[in-house]
Amino acid sequence: MNLVAGLRELVIQTVSAPEPTLGQRLGRGVLRLAAVGYGAAVRARNAAYTLGLLPAHRLTCRVVCVGNLTVGGTGKTPTVAAAATLLLAAGRKVCILLRGYGRAGAGTRIVSDGRDLLVDWQEGGDEAVLLAGLLPGVPVVVGADRVEAGRLALRSFGPDTILLDDGFQHRRLHRDADLVLLDGTDPFGGDQLLPRGRLREPVAALGRAHAILVTRRDQVDDLATLRRSLAERAPGVPVAWAVHRPSRVVDVRSGCAMPPASLQGKRVVAVSGIATPESFLRTIRQVGATPAGVLTFPDHHPFTREDRTRIGGEAQRVGAECIVTTEKDAVRLGRDLPAGPPTLALGIQVALVEGEEIVARLLAIPAGGIGNG
């Protein structure tokens, strides 16, 4: 993924340069060719599953996938957390499956049995550990082979519903419902496949979805145009709409939770290692804090001692009252925190603003159990 990010950065520099250098022009050509080859491979693989040449394995429980078309940044983790909460409230027995991006461990592992955290983030992945902490009572299993992970979940916990986090492209595991998330500010990833753009597969793949959830609805510049575009590019697929809202602030050292308003008026250093750091900065400003310093790291970045020293130094340089990071980054920071002011994790929740009945139908729960907004 670091190679992909580097190639994409080369394209950005090439496009933005008034007179691209020879190296930039060559880089753009390499990315264009790579995207063509990648697209051909994706289409061939999808065709093989559609024609039954490659089998999809069924589990003996309902499987609901929360996925997307683009690389990172649509809000899958808070959406999975919200879906699990709704299913629990409806009396369902839920388990979550993830690949476990960024983990050093191999094979399939139980991250949480619903009571205790059984592995650390290095072995289980930051998103899995975060979900385990947010969802007591919900087992979390990771593994690149989601079929094997699902079978382990069934043997160990006997769920009636499995939530497959980020598995829209993992077609080996049959799912009963696919919810595809689109970021309202960039729903189609610039219409360019990896590595030239952010699309994992062509937009036409939305036709496989049972429903679409557009996130960050409040940040969409032209809502009417986006609605028309979705109707044209994913005809017949129902669309729900949601916003991201700050939910809480947690002191990483003590675990003490506070309302988001506790950041209002504070001068902070913003630290993030996520796919869309700009969205994190918007949220910080939304709660009334001032990002006096900003430090951005790659997605799933494992923080080092040097990183912590740099963060603490930046907080001292700008006179910050606190260091603010995302909940996912807080998992990777652990308790070995930067020196200086307190480190706080700003939590995000996904709130439905339109399409309650669509999400309820997909989760197979009563529509009255979902509260909009």
Side-chain angles (χ1 to χ4, degrees), residues 1-2 5 66 71-73 75-81 84 95-146 148-149 152-153 156-157 163-167 247-257 270-277 280 295-312 323-338 342-349:
M1 192 61 72
N2 289 337
V66 178
V71 178
K76 289 189 304 299
T77 300
T79 300
V80 168
C95 184
I96 295 174
L97 302 186
L98 307 88
R99 177 172 181 170
Y101 285 105
R103 70 189 184 111
T108 302
R109 294 299 304 269
I110 297 174
V111 174
S112 167
D113 60 6
R115 298 181 301 274
D116 299 312
L117 187 66
L118 304 180
V119 300
D120 58 20
W121 75 265
Q122 288 95 336
E123 192 169 354
D126 51 7
E127 291 164 338
V129 170
L130 173 59
L131 285 168
L134 292 174
L135 299 165
V138 178
V140 178
V141 179
V142 297
D145 185 340
R146 258 58 68 91
E148 180 184 345
L152 174 61
S156 303
F157 308 111
L163 285 174
L164 179 60
D165 183 328
D166 194 17
S247 59
R248 62 177 185 165
V249 175
V250 178
D251 186 301
V252 178
R253 188 176 300 281
S254 69
C256 177
V271 177
S272 64
I274 57 175
T276 55
F280 176 56
L295 294 176
T296 301
F297 298 87
D299 196 13
H300 301 286
H301 178 72
F303 291 102
T304 64
R305 179 175 299 178
E306 291 74 18
D307 295 330
R308 291 172 171 84
T309 300
R310 180 184 169 199
I311 292 167
I323 297 163
V324 180
T325 191
T326 71
E327 287 188 312
K328 190 169 78 169
D329 289 306
V331 169
R332 284 178 276 108
L333 278 170
R335 296 303 175 93
D336 183 15
L337 299 175
T343 299
L344 308 177
L346 178 57
I348 299 297
Q349 67 179 7

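Here, residue 1 is the first one in the sequence, and each next residue gets the next number.
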Report yes if the side chains of [X] and [Y] come closer than 4.5 Å at any heavy-atom pair, otherwise no.
X      : Y      : result
Ile96  : Leu135 : yes
Leu134 : Leu130 : yes
Asp307 : Thr304 : yes
Ile348 : Phe280 : no
Thr343 : Pro338 : yes
Ser112 : Pro139 : no
Asp166 : Val66  : no

Atom of [X], atom of [Y] and distance for their closest heavy-atom approach:
X      : Y      : answer
Ala330 : Val252 : CB-CG2, 4.0 Å
Val111 : Val129 : CG1-CG2, 4.2 Å
Leu131 : Asp165 : CD1-OD2, 3.7 Å
Val141 : Cys95  : CG2-SG, 4.1 Å
Arg99  : Val142 : O-CB, 4.0 Å

With a 3.5 Å distance limit and no angle check, can you tell me whether [X] reaches the backbone of [Y] through a side-chain donor-acceptor pair?
X      : Y      : result
Asp116 : Leu118 : no
Arg146 : Gly167 : no
Thr325 : Val271 : yes

Give, for atom [atom1] of [X] and atom [atom2] of [Y], the distance between the pair rounded to the nearest 0.5 Å.
X      : Y      : atom1 : atom2 : value
Ser272 : Asp299 : OG    : CG    : 9.5 Å
Ile274 : Thr77  : CD1   : OG1   : 10.5 Å
Ser156 : Asp113 : OG    : CG    : 9.5 Å
Trp121 : Lys328 : CH2   : NZ    : 11.5 Å
Thr326 : Leu346 : OG1   : CG    : 8.5 Å
Asp126 : His300 : CG    : NE2   : 5.5 Å

* To do: Determine, stepwise, if the pair Arg310 / Leu295 fulfils side chain to side chain contact (heavy atoms under 4.5 Å, CB included).
  => CA-CA 9 Å; Arg310 180 184 169 199; Leu295 294 176; 3.4 Å; yes
* Fit a plane to each ring of His301 and Phe297, take the angle between them on a 0 to 90° scale, and name the class: parallel (under 30°), tilted (30 to 60°) or perpendicular (over 60°). =>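 Aromatic pair His301/Phe297 classed parallel.
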Could you tell me whether [X] and [Y] have a side-chain N and a carboxylate O separated by less than 4.0 Å?
X      : Y      : result
Asp329 : Arg332 : yes
Asp251 : Arg253 : no
Glu127 : Lys76  : no

